[in-house]
Amino acid sequence: MSTVSAILKDKGEGVVAIEPGASVLDAARRMNEHKIGCLVVTQNASVIGILTERDILTRLVAGEKDASRTRVADIMTKDVLCCAPDTPLLSLRGLMQRSRIRHVPVQEQGRLRGLVSIGDLNAFEADGLNVRIHVLEEYICRG
Ligand code: AMP
């Protein structure tokens, strides 16, 4: 059974973060710059929130707030669901489905080790299935 560490091995541990006092405009620009849909909010190296494009849509745009005057802390989600490097991928998928989230930071002993998105999980599992199909095709064709 593969775990989150297998995805981090391919993807690396880099996490794009932002400070709670930054404006949502800066957060959106940072997301665009990195072509991502989520920022982890950190203060003194601790994870204190998460901000995704969904938050910008539902809490800023639909709330008719000004992106340059609204702080990340005002619209971020504070109770962050995290996983560990040894979390099985099946459990991670279950967490994402149950909680209707697409991004999960990876923490180990209080240290941020990476972030896994639903896209990372799907790509990793699709690669594994392709390898398995290839092996089975080889086996059938040889037989
Ligand atoms: P997403 O589908 O990841 O864009 O997120 C949908 C909603 O869930 C947004 O309000 C996010 O702030 C929140 N969210 C996303 N990831 C997490 C997480 N790991 N823990 C807690 N909330 C999250």
Side-chain angles (χ1 to χ4, degrees), residues 1-140:
M1 162 68 64
S2 299
T3 64
V4 165
S5 59
I7 294 182
L8 295 185
K9 211 165 128 222
D10 289 350
K11 183 186 174 187
E13 297 192 1
V15 178
V16 185
I18 194 150
E19 321 75 55
S23 71
V24 177
L25 181 63
D26 283 340
R29 285 180 174 154
R30 192 165 301 179
M31 285 184 194
N32 287 345
E33 183 190 329
H34 292 272
K35 298 185 170 55
I36 54 174
C38 166
L39 297 170
V40 173
V41 186
T42 54
Q43 196 163 41
N44 303 324
S46 295
V47 175
I48 62 156
I50 191 161
L51 182 79
T52 77
E53 50 204 355
R54 181 79 51 95
D55 300 316
I56 296 181
L57 189 69
T58 59
R59 298 174 186 161
L60 184 111
V61 177
E64 296 186 37
K65 292 185 172 141
D66 180 342
S68 61
R69 290 166 183 267
T70 306
R71 292 177 334 127
V72 166
D74 298 332
I75 65 160
M76 70 184 188
T77 299
K78 294 191 178 100
D79 292 326
V80 185
L81 299 169
C82 295
C83 64
D86 63 358
T87 301
L89 296 186
L90 202 63
S91 310
L92 178 65
R93 189 174 285 282
L95 174 71
M96 286 179 167
Q97 283 172 344
R98 270 194 319 279
S99 313
R100 302 176 77 92
I101 57 175
R102 295 170 297 175
H103 304 89
V104 180
V106 186
Q107 286 204 291
E108 191 173 40
Q109 288 161 4
R111 192 169 80 82
L112 190 57
R113 291 280 316 274
L115 182 131
V116 180
S117 73
I118 188 78
D120 298 327
L121 181 58
N122 288 343
F124 181 85
E125 291 189 340
D127 282 352
L129 287 175
N130 283 336
V131 169
R132 206 183 291 180
I133 288 168
H134 178 73
V135 169
L136 287 172
E137 278 176 350
E138 293 268 296
Y139 175 75
I140 291 165

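Atoms within a ligand are numbered from 1 in the order they appear, just like the ligands themselves.
If you check each of I75, I101, L57 against atom 14 (N) of ligand 1, the one with the closest non-hydrogen atom is I101. Compare V47, V41, I56, D79 by their heavy atoms: the one nearest to atom 21 (C) of ligand 1 is in D79. Distances from atom 5 (O) of ligand 1 to the heavy atoms of V104, I118, T52, T58 show the closest one on T52.
Listed by atom number, the atoms of ligand 1 under 4.0 Å from D55 heavy atoms are 9 (C), 10 (O), 11 (C), 12 (O). Taking every heavy atom of H103 and a limit of under 4.0 angstrom, the matching atoms of ligand 1 come to 1 (P), 3 (O), 4 (O), 16 (N), 17 (C), 18 (C), 19 (N). With ligand atoms numbered from 1 in the order given, ligand 1 contributes 20 (N), 21 (C) to contacts under 4.0 Å with heavy atoms of V80. Those atoms of ligand 1 with a heavy atom of T77 less than 4.0 angstrom away are 10 (O), 11 (C), 12 (O), 13 (C), 22 (N).
Residue-level proximity to ligand 1 for L81 is carried by backbone and side chain together, each with a heavy atom below 4.0 angstrom. In K78, neither the side chain nor the backbone holds a heavy atom less than 4.0 Å from any atom of ligand 1. The proximity of P105 to ligand 1, defined as any non-hydrogen pair under 4.0 Å, is limited to the side chain. Neither the backbone nor the side chain of L51 comes within 4.0 Å of ligand 1, counting heavy atoms alone.
At least one side-chain heavy atom of S117 sits under 4.5 Å from a side-chain heavy atom of H103. Inter-residue side-chain proximity for V106 and P85 is flagged as met; some heavy-atom pair is nearer than 4.5 Å. Side-chain contact between L115 and V104: absent, with no pair of heavy atoms (C-beta onward) separated by less than 4.5 Å.
Remark: the backbone N or O of T52 is paired with a side-chain donor or acceptor of D55 at under 3.5 angstrom. Side-chain atoms of R59 come within 3.5 Å of backbone N or O of I75 as a donor-acceptor pair. Looking at R30, its side chain does come within 3.5 Å of a backbone N or O of A17 through a donor-acceptor pair. A donor-acceptor contact shorter than 3.5 Å links the side chain of D66 to the backbone of S68.
For the atom pair OG (S2) and CG (L92), the distance works out to 12.0 Å, reported to the nearest 0.5 Å. To the nearest 0.5 Å, atoms CE (M76) and CG (L51) are separated by 9.0 Å.
For the ligand labelled ligand 1, residue R59 lies inside the 4.0 Å heavy-atom shell.
In this structure, the protein non-hydrogen atom closest to atom 2 (O) of ligand 1 is R102 NE, 2.7 Å.
Note: no N/O pair closer than 3.5 Å links E53 and ligand 1 by distance alone.
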